[in-house]
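Worksheet for the structure shown next.
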Amino acid sequence: MLKGILTKIKQGLKTFKPSEEKIARFILDNPDRAIGLSITDLANFSGTSEASVVRFCKTLDLKGYKDLKLSISYDLSTSSDKEGIIHEKIKIGDKPNDILAKISAGSMQAIEDTKEVLSLDNLEKAIDKISESKRIYIFGIGASAIVGLDLQYKFMRINIPTFAFLDSDMQLTSATNMEEGDVAIGISTSGRTKDVIEALKEGKKRGATTIAITQYGQSPILEFSDIDLFIAYVENTFRSGAMASRIAQLNLIDTIFMGVAAKRHNQVFESLKDTREIVEDKKY
């Protein structure tokens, strides 16, 4: 049984195969009804086949159809009332207080949904690998590159050699210097950013452990990722959805940083103390 299965189905909707998408849409439209259906009934009502339902369960990393029904039932029994948080589309003419409310709601939704789609086992593996690593290389383009720079700053504060470049050519060049014991982190919301995928592919080829931070669902970046860390994606207009996804990324990298810092607490304390003091000396 998986917690947050309805969120996973919603998040992965656009990446499913056509037959799986039909099943997903039926479940999302009729969750209460779906838990009472046999596998044959679900296949018939969704216009697919029993084999498609079985493949759909495997796509969601479920053991079988029984697990799917149990997971949906669990979600329905534990879902909180979210009527008070409405992430409506931002419209022309919205007042600042409306925009603030919608942006804030979208950010909160992205963080909560990320908690549903993120594998805690993979999060722990990522923290362990980073904590044990010799060097860390971070790859991202655009807004994801800015998130990568934030993570670089955090790791540098606790004395972990970390490299992050805004230039895509420099990212690929740096990837050729990777070796076993290093960690490569590729950040791409879509999971389809060619430059990030190429850098991650090169790092994997050189023996580094590769980590992908990307939205939930199937995407090309996963082919070259040893550890997948999924974030939720929030659709909206005026790029508020992209903003919410960035908040989810930042929340995740903060979690990773604190996890690594906790594992290295003996060494980290002095590093944080020294970096804090040297920055404080530059203030009036």
Side-chain angles (χ1 to χ4, degrees), residues 1-83 85-89 105-106 108-123 188-192 212-222 225 228-236 241-242 244-245 248-249 251-252:
M1 183 180 72
L2 285 178
K3 296 179 181 179
I5 195 67
L6 293 176
T7 300
K8 288 185 172 77
I9 292 172
K10 182 179 179 181
Q11 287 288 321
L13 197 59
K14 290 186 176 180
T15 71
F16 294 145
K17 295 177 181 177
S19 60
E20 294 175 341
E21 184 180 345
K22 289 180 181 179
I23 298 167
R25 290 191 183 280
F26 179 85
I27 291 172
L28 292 175
D29 291 339
N30 310 276
D32 291 290
R33 187 180 176 191
I35 59 176
L37 297 177
S38 67
I39 188 171
T40 303
D41 289 336
L42 179 58
N44 289 336
F45 283 120
S46 61
T48 60
S49 65
E50 291 183 25
S52 295
V53 176
V54 172
R55 284 195 296 271
F56 181 65
C57 294
K58 288 182 179 178
T59 298
L60 294 171
D61 292 324
L62 294 167
K63 294 178 181 177
Y65 184 59
K66 183 179 179 181
D67 255 14
L68 175 63
K69 294 207 296 181
L70 285 172
S71 298
I72 295 171
S73 180
Y74 179 85
D75 265 19
L76 292 176
S77 66
T78 58
S79 62
S80 58
D81 182 9
K82 294 184 179 180
E83 292 300 316
I85 301 179
I86 303 173
H87 186 216
E88 298 173 345
K89 292 182 178 179
M108 289 186 286
Q109 179 185 331
I111 290 172
E112 287 301 315
D113 286 352
T114 293
K115 286 164 60 179
E116 300 284 4
V117 301
L118 178 66
S119 164
L120 296 182
D121 286 342
N122 282 2
L123 177 61
S188 169
T189 301
S190 68
R192 300 177 181 279
I213 296 177
T214 187
Q215 71 183 57
Y216 181 79
Q218 296 300 309
S219 62
I221 198 173
L222 302 183
S225 170
D228 307 328
L229 298 178
F230 290 122
I231 60 164
Y233 179 70
V234 179
E235 292 187 26
N236 212 327
S245 296
Q249 289 175 343
N251 191 61
L252 176 56

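When all heavy atoms are compared, the tightest approach of R192 to P220 is NH1-CD, 3.4 Å. Contact record, A43 with S49: CB-C, 3.4 Å, taken as the closest heavy-atom pair. For the pair V117 and A232, the tightest heavy-atom approach, listed with the atom from each and the gap, is CG2-N, 4.1 Å. The heavy-atom pair separating R25 from L13 by the smallest distance is NH1-CD2, 3.5 Å. Across all non-hydrogen atoms, the minimal contact from A244 to G106 is CB-O, 3.6 Å. Taking every heavy atom of both residues into account, E116 and K8 meet most closely at O-NZ, 2.7 Å.
Looking at T114, its side chain does come within 3.5 Å of a backbone N or O of A110 through a donor-acceptor pair. Side-chain atoms of T214 come within 3.5 Å of backbone N or O of S188 as a donor-acceptor pair. Looking only at distances, a side-chain donor or acceptor of N122 sits under 3.5 Å from a matching main-chain atom of D228. Judged by distance alone, the side chain of K69 and the main-chain N or O of I39 form no donor-acceptor pair under 3.5 Å. The closest donor-acceptor contact from the side chain of S71 to the backbone of D67 lies under 3.5 Å.
Looking only at side-chain heavy atoms (C-beta outward), I231 and N251 stay at 4.5 Å or farther from each other. At a threshold of 4.5 Å between non-hydrogen side-chain atoms, the residues F230 and Q11 do not count as touching. In this structure, L42 and F56 have side chains that are not in contact, with every pair of non-hydrogen atoms separated by 4.5 Å or more. The shortest side-chain heavy-atom distance between L62 and I5 falls under the 4.5 Å cut-off. With contacts defined as side-chain heavy-atom distances shorter than 4.5 Å, the pair I9/I23 does not qualify. L68 is listed as a side-chain neighbour of I27, based on a closest heavy-atom distance under 4.5 Å.
Atom OH in Y216 sits 12.5 Å away from atom CG in D113 (nearest 0.5 Å). To the nearest 0.5 angstrom, I72 atom CD1 is 10.5 Å from N30 atom CG. Taking OG of S225 as the start and CD1 of I213 as the end, the distance is 9.5 Å to the nearest 0.5 Å. For the atom pair OG1 of T7 and CG of L118, the computed distance is 12.5 Å after rounding to the nearest 0.5 Å.
Under the rule for a ring pair (Phe, Tyr, Trp, His ring centres under 6.0 Å), Y65 has no partner lying at least two apart in sequence or in another chain. Judged as a side-chain hydrogen bond (donor to acceptor under 3.5 Å, both in side chains), and not counting sequence neighbours, Q218 has no contacts.
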Open item on the list: Show, in sequence, the C-alpha distance, side-chain angles and deciding distance for R33 and F26, and conclude whether the side-chain contact (heavy atoms from CB on, under 4.5 Å) test is met.
Closed with: CA-CA 9 Å; R33 187 180 176 191; F26 179 85; 4.2 Å; yes
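For K10, the NZ atom sits in a loose shell: 12 or fewer heavy atoms of surrounding residues, nucleotides or ligands are nearer than 6.0 Å.
Under the 3.5 Å distance criterion, with hydrogens and angles disregarded, a donor-acceptor pair is assigned to the side chains of Q249 and T189. Using modelled atom types, one finds no donor on one side chain facing an acceptor on the other under 3.5 Å when comparing S52 with E20.
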